[in-house]
There are 2 protein chains.
Amino acid sequence: MTKHTATTLDYALLGLLCQSPQSGYDLRKVFETTALGSFSSSPGTIYPALGRLEQQGLVEGQVDSTRAMRPKKVFRPTKAGRKTLTEWLSRKIDRGDVERRTDELMLRFAFHWMLDSKTLTRHFLESFLSEVEDYLGELTRQRKEYPEDGPLHPRLALVAGIEQYRASARWARKAIEEFKEEGS
Amino acid sequence: MTKHTATTLDYALLGLLCQSPQSGYDLRKVFETTALGSFSSSPGTIYPALGRLEQQGLVEGQVDSTRAMRPKKVFRPTKAGRKTLTEWLSRKIDRGDVERRTDELMLRFAFHWMLDSKTLTRHFLESFLSEVEDYLGELTRQRKEYPEDGPLHPRLALVAGIEQYRASARWARKAIEEFKEEGS
DNA sequence: TCGCACATGTAACGTGTTACATGATTCA
DNA sequence: TGAATCATGTAACACGTTACATGTGCGA
């Protein structure tokens with residue numbers, strides 16, 4: 001029950017378990033076969049992480065008793081686990097998140113269906129967009145201030161970043177539209 | 001001199017020192033004020049990293065003797081250091097790089113000016129583009145196979161990823177044009 | 001003289017990476 | 001019988017994060 005700060009992987013696991021209870025092995029397959037791959041690699045990370053979550057009382061695992069031999073420990077989130085996850089989902093987005101943790105933000109967004117609230121999702125997208133636009137301003141300024149005679153490659157790398165964030169901004173604007181309608 | 005595997009931060013430091021010799025404090029400011037911020041935060045990371053690089057003989061630091069009191073250790077890359085860096089710059093790009101280390105790839109590209117070879121840079125961009133297109137195919141397939149009745153948010157998160165990689169692909173195509181001309 | 005920017009470091013801690021270890025079940 | 005897949009873990013290691021420690025020089 002000790003209060004530890006959870007890592008991105010912890011939240012990813014928690015989120016997946018909220019979708020459907022499953023074993024460590026099942027979770028590994030999800031990471032291997034989907035775009036979530038960037039959040040974990042292998043047994044050495046995932047099993048200890050599940051153990052930690054269990055110790056903290058965020059998930060509970062029970063050995064599947066139907067199959068006698070060949071144990072399989074199926075984990076499901078506890079009430080505290082769900083609360084921790086939703087707290088994370090609704091956490092305020094800051095500059096650091098968009099600067100160096102965009103992937104984590106997208107993970108958060110993916111799990112937002114749990115909240116089942118168009119308002120909260122819209123709010124998430126709007127503050128995401130606002131931070132992205134802010135940061136885009138900063139990047140654009142940096143590109144403008146880049147010395148004319150400086151090497152070409154760093155400038156292009158900067159442009160690559162700008163284009164990526166522009167793409168994120170466009171995506172967010174479009175997504176906001178999808179959550180504009182009234183209702184749940 | 002022991003052979004250790006270098007981290008991204010190590011290469012970032014090495015690359016910056018190839019641009020101009022400077023102190024740990026100077027380097028920290030670079031990380032704080034530019035888009036490179038995602039690669040380091042603070043003294044606790046950067047000074048130990050410099051120490052490691054020095055032990056491995058990749059950089060050498062000498063205390064600025066002009067200022068009597070108030071020491072300032074200026075680092076510059078050794079020949080081995082430059083070699084390590086260029087080896088990294090010309091390393092083959094694989095799927096894992098585009099899947100989970102795009103930022104590192106952009107860092108590599110930024111330092112490509114050191115190689116001073118349009119051919120190598122073009123080659124870098126072409127294989128980057130090819131891997132990105134490959135991965136885009138995979139992501140698109142995942143989106144198509146996503147169940148119709150599945151939750152909306154994960155699908156949108158997937159689309160966000162797709163759009164980001166599309167932006168990268170567009171950027172790469174444009175950049176390749178800039179390195180098409182004959183010369184150096 | 002008060003505080004800020006300069007300038008360099010160390011220590012504890014946790015976590016990801018990599019590699020290894022173990023054994024059951026299924027299928028060719 | 002051998003290989004691949006299912007299924008869960010442990011151990012060594014290094015790195016990043018965070019917080020702390022220390023002291024100089026300069027400007028208000």
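In the text below, chain A, chain B and the rest are named by the order of the sequence lines, each starting its count at 1. Keep in mind that the numbers below use all heavy atoms, side chains included, and drop hydrogens, waters and symmetry copies.
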Checklist entry - Can you name the one residue among His112(A), Glu126(A), Glu178(A) that meets side-chain hydrogen bond (donor to acceptor under 3.5 Å, both in side chains) with Thr121(A)? => result His112(A)
Checklist outcome for this item: Rounded to whole Å, CD of Glu32(A) lies from C1' of dC6(D) at a distance of 12 Å
Checklist outcome for this item: Quick note, Arg100(B) side chain, CB onward, closest among dT17(C), dT8(C), dT10(C) is dT17(C)
Item to check | Pairwise distance NZ(Lys73(A)) to CD(Gln62(A)) - rounded to 0.5 angstrom | outcome: 10.5 Å
Next on the checklist: Without decimals, in angstroms, what is the distance between Arg28(A) CZ and dC6(D) P?
Outcome noted: 10 Å
Next on the checklist: Is there a side-chain contact between Ser42(B) and the phosphate of dG16(D), meaning an N or O under 4.0 Å from OP1 or OP2?
Outcome noted: no
Item to check | Arg52(A), nearest nucleotide to its side chain (from dG16(C), dT10(D), dG16(D)) | outcome: dG16(C)
Checklist entry - Leu9(B) has a side chain; which of dT10(D), dT10(C), dG16(D) sits nearest to it? => result dG16(D)
Next on the checklist: For Glu87(A), is there an ion pair with Arg82(A) - N to carboxylate O distance below 4.0 angstrom?
Outcome noted: no
Item to check | Integer-rounded Å distance: dG16(C) P and Glu104(A) CD | outcome: 12 Å
Checklist entry - Which whole-number value in Å describes the distance from Phe75(A) CZ to dG9(D) P? => result 7 Å
Next on the checklist: Nearest to the side chain of Pro43(A), heavy atoms from C-beta on, is which of dT8(D), dC15(D), dT15(C)?
Outcome noted: dT8(D)
Checklist outcome for this item: Regarding the side chain of Pro48(B), the nearest nucleotide among dG9(D), dT10(C), dT8(C) is dT10(C)
Item to check | Shortest non-hydrogen contact from Phe31(B) toward Ala12(B) | outcome: CZ-CB, 4.1 Å
Checklist outcome for this item: Here the distance between atom C1' of dC6(C) and atom OH of Tyr47(B), to the nearest Å, is 9 Å
Checklist outcome for this item: Test ring-ring contact (aromatic ring centres under 6.0 Å, His included), reference His153(B), set Phe109(A), Phe124(A), Trp113(A), output is Phe109(A)
Item to check | Integer-rounded Å distance: dG14(C) P and Leu53(A) CG | outcome: 15 Å
Next on the checklist: What contact category does Thr45(A) fall into here, base, sugar-phosphate, or nothing, at under 4.0 angstrom with non-hydrogen atoms?
Outcome noted: base
Checklist entry - Roughly, in whole Å, what's the span from CD1 in Ile46(B) to P in dT18(D)? => result 15 Å
Checklist entry - Taking only residues two or more places apart in sequence or in another chain, which ones pass salt bridge (Lys or Arg N to Asp or Glu O under 4.0 Å) with Arg143(B)? => result none
Checklist entry - By a strict heavy-atom criterion of less than 4.0 Å, which residues belonging to residues 11-26 of chain B are in contact with DNA chain D? => result none
Item to check | Gap between atoms CZ and P, on Arg101(B) and dT17(C) respectively (whole Å) | outcome: 9 Å
Next on the checklist: Both Val74(B) and Ser40(A) contact DNA chain C. Which one's nearest nucleotide lies toward the 5' end?
Outcome noted: Val74(B)
Checklist entry - Would you say Tyr135(A) and Met106(A) are hydrophobically clustered, going by side-chain heavy atoms of ILVMFWY under 4.5 Å? => result yes
